[in-house]
> 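Dropping the structure in here first, questions after.
The sequence lines fix the lettering, A, B, ..., with proteins before strands; numbering per chain opens at 1.
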There are 2 protein chains.
Amino acid sequence: MKKLEEKTINTEKIYNGKVVKLQVDEVTLPNGKTSAREIIKHPGAVAIIPITKDNKIVFVEQYRKPLEKTLVEIPAGKLEAGEKPEVTAVRELEEETGYTTSNLTYVTSFYTSPGFADELMYIYMTDQLEALQENVTGDDDEFVELLELTLDEAKIYVKDQRIHDAKTNYAIMYLETLEMMK
Amino acid sequence: MKKLEEKTINTEKIYNGKVVKLQVDEVTLPNGKTSAREIIKHPGAVAIIPITKDNKIVFVEQYRKPLEKTLVEIPAGKLEAGEKPEVTAVRELEEETGYTTSNLTYVTSFYTSPGFADELMYIYMTDQLEALQENVTGDDDEFVELLELTLDEAKIYVKDQRIHDAKTNYAIMYLETLEMMK
């Protein structure tokens, strides 16, 4: 679809942070005019849907500073440079929940907000959880509370908007479709 | 969950753009230490799943500069200040597809990327489309191509990652659950 393409004339780098970078691209539009695109560069993220032996979903409750409130989410974290998403999935599972797994199923991937950010989110699932013998320490500025909920309980959390983010809402609906196919 | 809260010590405003704002908050963590949070402020967005009389889904193909490629998405756009999401939904439908509606069903809402952004995405659906007699002009820097696909065709687009963003992947799975309940 070449005719929709926007060609970069100039890139102004505004900010280079620990998590995000911000740049403004001056572009040529398909009609020949110019415009500016504000772009957030993000390393990408990986989430995992952990299902326990008694068919509960493991969630983490976490304070989200951009929203000034806590959300209940499936475990997730940023991709490290050069890391395979499967490795990130297991690492975040271990750090945030105290479980590990050697059995991952790929569920989907999607760009979270393609209008202004390049963040790509991968989602995996496992129903083969093993408790870790020793805690694995993760980011020292991350504080989470664990919750294990049935799918019916999780659907109430969605309704109450305590679960209220793209990857977790997607995960709940995905588990619903699996239930419906049984 | 007060014990997870992060208190703001200082806010450094980095960038104030047309679409996003970037600030870095210095915070006190639950353990008393301090950290920095990079935060993108976004006005929020609204998407609509438009279903035609012959049961096709109306999509727009659009160049996404952050990804340097086109994606096929359900119509969507940013909330204007003070605007109700239902109004945004109809406005974006009119501007991007040439259809209008007076019948909206609320589907869901979610934060697209709560780790670094406050963008809240609302999703609506309509199967009551009417063709507009005259084109409604939208943003003069937006160029889109229309596509009407059956659900089965759309699922192939998801598999091929031509459909590959949070709101649209969610919409396709939502329509699948509706089909399964028939």
Side-chain angles (χ1 to χ4, degrees), chain A residues 1 4-6 14-15 17-20 22 24-25 27 29-31 33 35-42 45 61-67 70-71 73 108-119 121 140-141 143-145 158 161 164-170 173-174 176-177 180-181, chain B residues 1 4-6 14-15 17-20 22 24-25 27 29-31 33 35-42 45 61-67 70-71 73 108-119 121 140-141 143-145 158 161 164-170 173-174 176-177 180-181:
Chain A
M1 304 300 289
L4 293 172
E5 195 174 331
E6 301 175 355
I14 308 275
Y15 182 75
K18 217 182 83 181
V19 179
V20 298
L22 170 62
V24 179
D25 283 7
V27 299
L29 299 172
N31 65 358
K33 295 188 178 176
S35 188
R37 299 294 182 207
E38 300 163 7
I39 295 169
I40 302 296
K41 296 276 191 181
H42 184 282
E61 181 158 26
Q62 188 170 7
Y63 191 75
R64 291 307 202 172
K65 191 67 179 63
L67 320 178
T70 62
L71 285 184
E73 304 172 35
T108 195
S109 70
F110 50 68
Y111 293 100
T112 53
S113 208
F116 69 91
D118 70 350
E119 183 191 30
M121 169 69 71
D140 61 4
D141 65 350
F143 298 83
V144 303
E145 299 267 334
V158 172
Q161 302 190 337
H164 201 201
D165 83 292
K167 66 181 175 304
T168 312
N169 282 35
Y170 186 96
M173 204 169 50
Y174 175 73
E176 273 192 76
T177 64
M180 289 164 87
M181 283 191 288
Chain B
M1 303 303 288
L4 293 173
E5 195 174 331
E6 301 174 356
I14 308 275
Y15 182 75
K18 218 182 84 180
V19 179
V20 299
L22 170 63
V24 179
D25 284 7
V27 299
L29 300 170
N31 66 358
K33 295 189 177 175
S35 189
R37 300 294 183 207
E38 300 163 7
I39 296 169
I40 302 297
K41 298 275 192 180
H42 185 281
E61 180 159 26
Q62 188 169 7
Y63 191 75
R64 291 308 202 172
K65 191 66 180 64
L67 319 179
T70 61
L71 284 185
E73 304 172 34
T108 194
S109 70
F110 49 67
Y111 293 101
T112 52
S113 208
F116 69 90
D118 71 348
E119 184 192 30
M121 170 70 70
D140 61 4
D141 64 351
F143 297 83
V144 303
E145 297 269 334
V158 172
Q161 301 191 338
H164 202 202
D165 82 293
K167 66 180 177 302
T168 311
N169 282 34
Y170 186 97
M173 205 169 49
Y174 175 74
E176 273 192 77
T177 64
M180 289 164 86
M181 285 191 287

> Among B:Gly115, B:Ser35, B:Pro114, B:Ala117, which has the most heavy-atom pairs under 4.5 Å with chain A?
B:Pro114

> Check each atom of B:Glu73 against the heavy atoms of chain A and say whether the ones under 4.5 Å are side chain, backbone, both or neither.
side chain

> So which of B:Val158, B:Leu29, B:Thr108, B:Asp165 has the biggest tally of heavy-atom pairs under 4.5 Å with chain A?
B:Asp165

> Is A:Glu119 close to chain B through its backbone or its side chain, or both, or neither, when contacts mean heavy atoms under 4.5 Å?
side chain

> Which atom pair, heavy atoms only, marks the closest approach of A:Asp118 to B:Leu67?
CA-CD2, 3.7 Å

> Output the distance between atom OH (B:Tyr170) and atom NZ (A:Lys167), rounded to the nearest 0.5 Å.
14.5 Å

> Out of curiosity, A:Thr112 OG1 to B:Phe110 CZ, how far, rounded to the nearest 0.5 Å?
10.0 Å

> Given a strict heavy-atom distance threshold of 4.5 Å, which part of A:Asp25 is in contact with chain B: side chain, backbone, both, or neither?
side chain

> Does the A:His164 side chain pair with the main chain of B:Tyr111, one donor and one acceptor, at a distance under 3.5 Å?
no

> Please report the C-alpha distance between A:Ile14 and B:Leu22 in whole Å, then the side-chain angles of each, then the deciding distance to 0.1 Å, and finally whether the side-chain contact (heavy atoms from CB on, under 4.5 Å) criterion is met.
CA-CA 10 Å; A:Ile14 308 275; B:Leu22 170 63; 5.7 Å; no

> Nearest heavy-atom pair of B:Met173 and A:Tyr174: which atoms, and what distance?
CE-N, 3.5 Å

> With a 4.5 angstrom heavy-atom cut-off, which part of B:Lys65 approaches chain A: side chain, backbone, both or neither?
both

> What part of B:Val24 lies closer than 4.5 angstrom to a heavy atom of chain A: side chain, backbone, both or neither?
side chain

> For the interface with chain B, which of A:Pro66, A:Ala166, A:Ser113 has the highest count of heavy-atom pairs at distances below 4.5 Å?
A:Pro66

> Of all of A:Gln161, A:His42, A:Met121, A:Lys33, which one pairs up most often with chain B through heavy atoms under 4.5 Å apart?
A:His42

> Please determine whether side-chain contact (heavy atoms from CB on, under 4.5 Å) holds for the pair A:Asp141 and B:Glu6, giving the CA-CA distance in whole Å, both sets of side-chain angles, and the decisive distance to 0.1 Å.
CA-CA 10 Å; A:Asp141 65 350; B:Glu6 301 174 356; over 6 Å; no

> Tell me if a side-chain donor or acceptor on B:Glu38 pairs with a main-chain N or O of A:Val20 at a distance below 3.5 Å.
yes

> Measure distances from B:Ser109 to the heavy atoms of chain A and classify the residue's part below 4.5 Å as side chain, backbone, both or neither.
both

> Please determine, among A:Ile40, A:Asn31, A:Leu71, A:Thr168, the option with the most heavy-atom pairs under 4.5 Å with chain B.
A:Asn31

> Considering only heavy atoms, which portion of B:Thr177 lies under 4.5 Å from any heavy atom of chain A: side chain, backbone, both, or neither?
both

> If you look at every heavy atom in B:Phe143 and A:Pro30, which pair is closest and at what distance?
CD1-CD, 3.5 Å

> Is it the side chain or the backbone of B:Met181 that comes within 4.5 Å of chain A heavy atoms, both, or neither?
both

> Let me know if A:Gln62 has heavy atoms under 4.5 Å from chain B in its side chain, its backbone, both or neither.
backbone

